[in-house]
Asks: 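Supplied in structure tokens, the structure appears directly below.
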Amino acid sequence: MFIVAVIISFIPLTALFFWLRNRLNQDDAYRALCNDAFKRGALCILPVMLFSAVSHILLRLTGFHNTHPLLYQALYTFIVLALSEEVAKYFALKKVLKETEYPYSWLDVTAFMTIVGIGFGLLESVVYAIGASVPVVLVRGICLPHAGYGFIVGYYYGKGRKNGNSAQKWLGFALAWLMHGLYDFSLSEEFIAVNDNLVFIPLLLALMDIILVIILVVFARKARKQTVYTEPLPEEI
């Protein structure tokens, strides 16, 4: 039953990847970049795991873990987990864009960053599946949090490049990081221990992740018919 649950949990992310790769744009160069984005997104988990392990050891050695449990968990989820993951995925996108001469558009960048998130999310799901319960595995598969965060970062990165506004690029990163950190923090035992009624917050954030993916699909379907989203972006200064 557990193996079946894991396989089922992979279906939404896999389906979204192939839709973005094959249906959104049938250009061979675009598809190759989608594959590259997926690969780089999956490999992001390696430096993140290393950073998490080192950070965990350092926090133990410094005794910071003996401070207030809620404060420690907030630091760990927002900085060690959420920030490191978003930074790793952001640089994966930058690497994809830097190593190609393909005239990518605002829509392309949004798709690439979403796919980076999909690659990361799929491999992370394998790691988290170890020892997890069937409901947890299925919920992670349905919510697609990394795809949603990738959509936010990619959309605002493309918008910032389009408008020549670096602040817009960092706005998307900040929004994704805060949502990611709050989601991880709200799932911690320390957070729930404050008040059992707070359980609605992770449920609300999980629902928001699903809504983000729906918004992505709607945006992509409409954007591919509009020049502002499909024309090549200007060179980055």
Side-chain angles (χ1 to χ4, degrees), residues 40-94 113-114 116-125 127-132 136 139-140 143-157 160 166-213:
R40 293 184 184 279
L43 291 176
C44 277
I45 199 168
L46 299 179
V48 168
M49 290 177 66
L50 177 61
F51 177 77
S52 297
V54 172
S55 298
H56 181 75
I57 294 172
L58 290 177
L59 289 172
R60 291 280 173 175
L61 290 176
T62 58
F64 192 82
H65 66 288
N66 292 322
T67 60
H68 194 285
L70 197 63
L71 176 62
Y72 172 78
Q73 194 60 37
L75 173 69
Y76 191 79
T77 52
F78 274 91
I79 304 299
V80 177
L81 297 181
L83 184 59
S84 67
E85 291 178 12
E86 293 306 323
V87 167
K89 291 185 293 181
Y90 182 80
F91 278 105
L93 172 68
K94 295 281 287 184
M113 188 60 205
T114 302
V116 167
I118 290 173
F120 185 92
L122 277 174
L123 196 55
E124 185 187 55
S125 294
V127 175
Y128 274 95
I130 301 174
V136 171
V139 168
R140 286 184 59 83
C143 294
L144 313 184
H146 286 288
Y149 306 146
F151 165 55
I152 293 175
V153 175
Y155 175 86
Y156 279 100
Y157 184 90
S166 296
Q168 290 178 332
K169 293 189 290 187
W170 290 111
L171 172 62
F173 179 88
L175 288 173
W177 168 49
L178 290 174
M179 288 183 63
H180 189 169
L182 184 57
Y183 178 74
D184 287 348
F185 182 48
S186 68
L187 289 173
S188 67
E189 294 180 2
E190 291 80 0
F191 181 82
I192 300 298
V194 174
N195 191 313
D196 291 342
N197 294 325
L198 293 177
V199 71
F200 82 92
I201 294 181
L203 294 176
L204 184 62
L205 290 169
L207 177 61
M208 189 176 298
D209 291 335
I210 297 174
I211 293 174
L212 278 173
V213 175

Asks: Atom CD1 of Ile45 and atom NE2 of His146: how far apart are they, to the nearest 0.5 Å?
Replies: 8.0 Å
Asks: Scan for side-chain hydrogen bond (donor to acceptor under 3.5 Å, both in side chains) pairs involving residues 170-182, sequence neighbours excluded, and state none if there are none.
Replies: Glu85-His180, Glu86-His180, His180-Asp184
Asks: Kindly compute the distance separating CG (Leu171) from OH (Tyr156), expressed to the nearest 0.5 Å.
Replies: 5.5 Å
Asks: How close do Met179 and Tyr149 get, heavy atom to heavy atom, and via which atoms?
Replies: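 What the structure gives for the nearest pair is O-OH, 3.8 Å.
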Asks: A side-chain contact here means heavy atoms from C-beta on lying under 4.5 Å apart; do Phe173 and Val87 qualify?
Replies: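 Result yes, sub-4.5 Å side-chain heavy-atom pair found.
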Asks: Just how far is it from atom CG of Leu187 to atom CG of Leu205, taken to the nearest 0.5 Å?
Replies: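 Result: 8.0 Å between the selected atoms.
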Asks: Please report the closest heavy-atom contact between Asp209 and Pro145, naming both atoms and the distance.
Replies: OD2-CB, 3.5 Å
Asks: With sequence neighbours excluded, tell me which residues meet side-chain hydrogen bond (donor to acceptor under 3.5 Å, both in side chains) with Gln168.
Replies: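 Expected list: Asn163.
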Asks: Could you pull out the closest heavy-atom pair between Ala88 and Val48, with the gap in Å?
Replies: CB-CG2, 3.8 Å
Asks: Quick one: pull up CD1 in Ile118 and CG in Leu123 and give me the separation to the nearest 0.5 Å.
Replies: 14.0 Å
Asks: What is the minimum heavy-atom distance between Gly172 and Val153, and which atoms define it?
Replies: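 Smallest interatomic distance, heavy atoms only, reads O-CG2, 3.9 Å.
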Asks: Rounded to the nearest 0.5 Å, how far apart are OG of Ser166 and OH of Tyr157?
Replies: 9.0 Å
Asks: Please check if atom OH in Tyr155 has more than 12 non-hydrogen atoms from other residues, nucleotides or ligands closer than 6.0 Å.
Replies: yes
Asks: Identify the two heavy atoms, one from Ser84 and one from Phe51, that lie closest to each other, and give their separation to 0.1 Å.
Replies: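 Of all heavy-atom pairs spanning Ser84 and Phe51, the closest is CB-CD2, 3.5 Å.
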Asks: In Å, rounded to the nearest 0.5 Å, how long is the span from CG of Leu81 to OH of Tyr76?
Replies: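 Reported value, rounded in 0.5 Å steps: 5.0 Å.
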Asks: Please list, chain by chain and in numerical order, all residues satisfying side-chain contact (heavy atoms from CB on, under 4.5 Å) with Leu207, sequence neighbours excluded.
Replies: Ile211
Asks: Just wondering, more than 12 heavy atoms not from Tyr72 lying within 6.0 Å of its OH?
Replies: yes
Asks: Write down the atom of Phe120, the atom of Cys44, and the distance for their closest heavy-atom approach.
Replies: CD1-CB, 3.6 Å
